[in-house]
K.L.:
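My structure is below; once you've seen it, I'll send some questions.
Each ligand, and each atom within it, is numbered from 1 in the order the structure gives. Along the sequence shown, residues are numbered consecutively beginning with 1.
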Amino acid sequence: MITLDLIVGARPNFMKIAPLIREIKRRETKGDPITFRLVHTGQHYDRNMSGSFFEELDIPEPDVNLNVGSGTQAEQTSGIMLGYEKLLMAKKPDLCIVVGDVTSTMACAIAARKLLVPVAHVEGGIRSGDMTMPEEINRIVTDSITDWFFTTSETANENLRKSGVEEKRIFFVGNTMIDTLLASRPRFVRPKLWDDLGLGKGKYIVLTLHRPNNVDDPVNLKHLLEEIISGANGLPVIFPVHPRTRKVMQGIDLAGGSALHMAEPMGYLQFNYLVERALAVITDSGGITEETTVMGVPCMTLRNSTERPETVTVGTNELLGTDPAAIAPAMNKLLSGNWKKGAIPPLWDGHTAERIIEIISGLL
Ligand code: UD1
């Protein structure tokens, strides 16, 4: 029997793990000797940030919740390592599978590897080159101790080769986040605010912001939001607010604020209903740039770098940087109908999880 630990901790992990669970269960049902233990670190714990995704993406109750909760980077990392190590000492799996680049990814990879449990990293090899991002450190540390890499792009493969990883440990399989997107697309749910605000297809902008260097300074955040509102030229801007950003928003008084519609963080199916029909998305997330690329929705990223360059070279994404002055020209390009069309990167086809579990079954 092949036993797998699947690790989730924060919001962007849930859509990456869901298709792996579906595929393992499919194989279990037909009698294949493979099974999993789902470990939630509890890094995200609100219903809005965690619970709703389990229901919408049909993820089973975690077998274990480490309940680490909020804290500094070191508090979260150490809390997760202590909790997961204890679990491993009670029962070791054949393989620990981590996804993405959040603190839970790195902490569990370290705990597993030190107890001689092999580690597979789904979405391994991506790099922004920006060492001010905690996620970049998580990626580098995780990949330095990963046994098998499941990658989303040729750029990721190349990054791994450059750091000395042998070809036989790299598996270019595509993107499990896109498995979830394509499987869920027919079930997207119209959010209540669609009717409340009288929204129409292509008649609004979706905005998300949560990176510390965009949101932690209230003066900078106010400036960014005011440029976005003025650039949108009267179009409503729908802004589901991350808890980190919400705390800073409380002290801000915005010029033109009536065009900005703040909401709680949304469930996956409602959020992507809005994204699919938006004129454009403005964001500092990485995962959202992949989803907009696949749905062909123009995307402006308020960051100086991206670990997902194919969303720019192939897809609909453009990096604007973090200077609010870059927003007006980009909005002019969008509103005059001159945004690039984009295409879908190789293997982002909805079948990545099947490839991953097939490969793992052969490796173990
Ligand atoms: C984390 C990930 C980031 C990911 C993001 C998506 C790391 C280093 N960062 O950043 O890669 O894009 O999640 O959301 O792992 N909070 C709540 N409720 C929750 C969770 C968090 O109120 O359920 C609050 C916390 O108290 C904290 C803030 O939100 O003040 C930030 O949470 P944290 O997990 O530290 O990092 P994120 O910014 O969410």
Side-chain angles (χ1 to χ4, degrees), residues 7-17 39-55 57 62 65-81 83-84 98-110 121-124 126-128 130-143 177 180 207-218 221 239-251 262-268 271-272 281 283-292 299 301-303 305-308 311:
I7 309 296
V8 292
R11 185 167 61 177
N13 290 160
F14 306 129
M15 32 296 215
K16 295 173 192 167
I17 219 79
V39 181
H40 190 337
T41 66
Q43 180 181 342
H44 284 176
Y45 44 84
D46 283 352
R47 201 190 132 65
N48 283 341
M49 299 295 288
S50 172
S52 72
F53 292 84
F54 279 71
E55 288 159 28
L57 303 179
N65 193 321
L66 304 176
N67 287 316
V68 67
S70 299
T72 65
Q73 291 292 313
E75 282 164 348
Q76 285 184 330
T77 306
S78 53
I80 296 165
M81 284 180 68
Y84 187 46
V98 296
V99 300
D101 56 17
V102 303
T103 298
S104 304
T105 309
M106 172 186 71
C108 289
I110 297 173
H121 185 196
V122 172
E123 202 189 85
I126 64 176
R127 297 286 182 272
S128 67
D130 177 357
M131 289 297 282
T132 67
M133 292 172 70
E135 292 81 2
E136 185 71 354
I137 297 168
N138 295 340
R139 292 179 196 119
I140 291 171
V141 173
T142 304
D143 284 349
M177 194 157 186
T180 292
L207 170 67
T208 83
L209 290 174
H210 75 285
R211 298 273 164 216
N213 53 7
N214 282 330
V215 307
D216 283 1
D217 171 13
L221 179 59
F239 184 27
V241 187
H242 188 284
R244 176 182 202 108
T245 314
R246 170 81 62 184
K247 288 179 196 158
V248 186
M249 287 296 295
Q250 268 144 19
M262 293 201 275
E264 289 298 308
M266 285 185 188
Y268 181 82
F271 180 69
N272 280 297
V281 174
T283 189
D284 59 8
S285 155
I288 291 172
T289 67
E290 301 183 333
E291 293 166 337
T292 47
C299 182
T301 295
L302 301 179
R303 288 173 50 192
S305 60
T306 175
E307 60 290 336
R308 295 161 162 92
T311 63

K.L.:
Answer yes or no: does an N/O atom from Glu135 fall short of 3.5 Å to an N/O atom of ligand 1?
P.N.:
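Yes.
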K.L.:
Could you pull out, from His210, His242, Met106, Arg246, the option with a heavy atom nearest to atom 14 (O) of ligand 1?
P.N.:
His242
K.L.:
Considering non-hydrogen atoms of the protein only, which is the closest contact for atom 16 (N) of ligand 1, and what is the distance?
P.N.:
Tyr45 OH, 3.6 Å
K.L.:
Taking all non-hydrogen atoms of both residues, which atom of His210 and which atom of Asp284 are closest, and how far apart?
P.N.:
N-OD1, 2.9 Å
K.L.:
Would you mind reporting whether Ser104 and Tyr84 have side-chain heavy atoms less than 4.5 Å apart?
P.N.:
no
K.L.:
Is there a heavy atom of Asn138 sitting under 4.0 angstrom from any atom of ligand 1?
P.N.:
yes
K.L.:
Contact between Lys247 and ligand 1, counting heavy atoms under 4.0 Å?
P.N.:
yes
K.L.:
Quick one: are Phe53 and Val8 in side-chain contact, heavy atoms under 4.5 Å?
P.N.:
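Phe53 does not reach Val8 side chain to side chain.
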K.L.:
List ligand 1 atoms under 4.0 Å from Thr103, heavy atoms only on the residue side.
P.N.:
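Ligand 1 atoms under the 4.0 Å threshold to Thr103: 7 (C), 8 (C), 15 (O).
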K.L.:
Do Phe239 and Leu209 come close enough that some side-chain heavy atom pair is under 4.5 Å?
P.N.:
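The answer is yes, as the side chains (C-beta and beyond) meet within the 4.5 Å cut-off.
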K.L.:
Show which atoms of ligand 1 fall inside a sub-4.0 Å distance from at least one heavy-atom site of Gln76.
P.N.:
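By the 4.0 Å cutoff, the relevant atoms are 34 (O), 35 (O).
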K.L.:
Using the six-membered ring wherever Trp is involved, compare the ring planes of His242 and His44 and label them parallel, tilted or perpendicular (cut-offs 30° and 60°).
P.N.:
perpendicular
K.L.:
Among all protein heavy atoms, pick the one closest to atom 18 (N) of ligand 1 and tell me residue, atom and distance.
P.N.:
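Result: Asp46 OD2, 2.9 Å.
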K.L.:
Given Thr103, which of Glu75, Glu135, Gln73 fulfils the side-chain hydrogen bond (donor to acceptor under 3.5 Å, both in side chains) condition?
P.N.:
Gln73
K.L.:
Can you find a heavy atom in the side chain of Phe271 that is under 4.5 Å from one in the side chain of Ile288?
P.N.:
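A side-chain contact under 4.5 Å exists here.
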K.L.:
Check whether any N or O atom of Ser70, backbone or side chain, sits under 3.5 Å from an N or O atom of ligand 1, and answer yes or no.
P.N.:
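Yes, at least one N or O pair falls under 3.5 Å.
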K.L.:
Determine, step by step, whether Glu123 and Arg139 satisfy the salt bridge (Lys or Arg N to Asp or Glu O under 4.0 Å) criterion, reporting the C-alpha distance in whole Å, the side-chain angles of both residues, the deciding distance to 0.1 Å, and the verdict.
P.N.:
CA-CA 9 Å; Glu123 202 189 85; Arg139 292 179 196 119; 5.7 Å; no
K.L.:
So, Arg303 and Asp130, do they make that salt bridge, N to O below 4.0 Å?
P.N.:
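A salt bridge is absent here (no side-chain N lies under 4.0 Å from a carboxylate O).
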K.L.:
Look at atom 24 (C) of ligand 1 and say which protein heavy atom is nearest, naming residue and atom and giving the distance to 0.1 Å.
P.N.:
Pro243 CB, 3.8 Å
K.L.:
Pick whichever of Arg244, His44, Glu136 has a heavy atom sitting closest to atom 39 (O) of ligand 1.
P.N.:
His44
K.L.:
Under a 4.0 angstrom heavy-atom cut-off, which atoms of ligand 1 come close to Met49?
P.N.:
14 (O), 19 (C), 23 (O)
K.L.:
Does ligand 1 have any atom sitting under 4.0 Å from a heavy atom of Pro12?
P.N.:
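Under 4.0 Å: yes for Pro12.
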